[in-house]
Amino acid sequence: MSTHAPQAAQAVTLPTTLDEAVAALAAMPAAVPVAGGTDLMAAVNSGQLRPAALVGLGRISEIRGWQYQDGHALLGAGLTHARMGRPDFAALIPALAAAARAAGPPQIRNAGTLGGNIASAAPTGDALPVLAALEATLIIAGQGGARRELPVSHLLAGVEMLRGGELIGYVRVPLLHAPQVFLKATGRTGPGRAVASVALVLDPARRGVRCAVGAIAPMPLRPLEAEQWVARLIDWDNSRALVPEALTAFGEYVAAACIPDPAPEPDGSVTPLPPAVLHLRRTVAALARRALGRALS
């Protein structure tokens, strides 16, 4: 495992099917599932985690690809960021491919998986705002071959959680056949952890705009009122044109919804936001404005 953590694990199980992995977790309640291990090994090497056993998911071929299903893409949880970043996948779900390419340096993209990004639920997970904007659904594998569906937003918000012995098997994403954009701002040049990120997708069939803001809160935020407001301004029947002033207003609307002003004090005074928070709000506004502009261009 690591020369820095010789006591990290006492047993390693390597199942070859999803149901075998679920059975292994049920038999060893203290076991931790691991795919790419990019988050797990960081926790182990820092001393934050000492798993008694590991269930490796790397040999389960059924969750390493994708297939079409009733107007959706059924994505295996074992898909790596590197695989999702390739052109054939980008033609299928452009925003998710863009997020995968921005997930970090090559060693992270080669190892990290879609399911791991969801299960770890780190606020800076690049795939999370894309999945929230796409309103993706998780297919959860349970004991005895059981499968249940769970909106990804419910898991990320803690409304519903994985039960003992369950694993994320697949992610079902609607194929919108319309522009999608993912943008993120980092604290340094090159691939890195997001300070803020925005995923935006158009849904022409429903004449809708879906936007999710990542990294600024424990879970991706959906500015629903801003989505509905701008969708009413778009000329869906012709060129999907939008005046520049509306783009700017949309960015500010999204930013204010996700990073609101403080509530007034009892005496009516309002404490201004700290400079760092104001800068973050301007960053979100710029990302949202650019994302919508690119989607409509």
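Just so it is clear, the structure is predicted and the values come from calculations on it, not from any experiment. The first residue in the sequence is number 1, and the count goes up from there.
Between Ile216 and Ile259 the shortest side-chain heavy-atom distance falls below 4.5 Å. For the pair Ile93/Leu175, a side-chain contact is recorded, criterion being any heavy-atom separation below 4.5 Å from C-beta on.
Of the possible donor and acceptor atoms, one in the side chain of Asn110 sits under 3.5 Å from a partner among the backbone N and O of Pro106. A donor-acceptor pair under 3.5 Å is absent between the side-chain atoms of Trp229 and the main chain of Tyr253, judged by distance alone. Proximity of a side-chain donor or acceptor of Asp235 to a complementary backbone N or O of Arg240 within less than 3.5 Å is not detected. Between the Arg289 side chain and the Gly251 main chain, no donor and acceptor come within less than 3.5 Å of each other.
Between Asp126 and Arg193 there is no salt bridge, since none of the side-chain N atoms of the basic residue sits less than 4.0 Å from a carboxylate O of the acidic one. Salt bridge annotation for Arg222-Glu227: present, with a cationic side-chain nitrogen under 4.0 angstrom from a carboxylate oxygen. Salt bridge status for Glu166 with Arg147: absent, with no side-chain N to carboxylate O gap under 4.0 Å.
With sequence neighbours left out, Thr16 forms a side-chain hydrogen bond (donor to acceptor under 3.5 Å, both in side chains) with Glu20. Applying the side-chain hydrogen bond (donor to acceptor under 3.5 Å, both in side chains) criterion to Glu149, with sequence neighbours excluded, gives Arg172.
By the criterion of side-chain heavy atoms lying less than 4.5 angstrom apart, applied directly or through intervening Ile, Leu, Val, Met, Phe, Trp or Tyr residues, Val12 is not grouped with Met28; the two fall into different hydrophobic clusters. Note on Leu221: it does not cluster hydrophobically with Leu155, by side-chain heavy-atom contacts below 4.5 Å among ILVMFWY residues.
Atom CZ of Phe182 and atom CZ of Arg101 lie 11.0 Å apart (nearest 0.5 Å). The CG atom of Leu183 sits 12.5 Å away from the OG1 atom of Thr283 when rounded to the nearest 0.5 Å. Note: Ile139 CD1 to Leu18 CG = 11.0 Å, rounded to the nearest 0.5 Å. To the nearest 0.5 angstrom, Ile168 atom CD1 is 5.0 Å from Leu162 atom CG. With rounding to the nearest 0.5 Å, the separation of CG in Leu278 from CG in Leu273 is 5.0 Å. Going from atom CE of Met84 over to atom NE2 of His81 covers 5.5 Å, rounded to the nearest 0.5 Å.
Between Trp66 and Tyr170, the ring center distance fails the sub-6.0 Å criterion.
For residues 258-291, no residue pair satisfies the ring-ring contact (aromatic ring centres under 6.0 Å, His included) rule, not counting sequence neighbours.
Counting non-hydrogen atoms of other residues, nucleotides and ligands closer than 6.0 Å to CZ of Arg148 gives a total above 12. Atom CD of Glu225 has 12 or fewer heavy atoms from other residues, nucleotides or ligands within 6.0 Å.
Using a 3.5 Å distance cut-off with no hydrogens or angles, the side chains of Asp267 and Ser269 do pair a donor with an acceptor.
Taking each heavy atom of Ala103 and Ile108 in turn, the nearest pair found is O-CG2, 4.0 Å.
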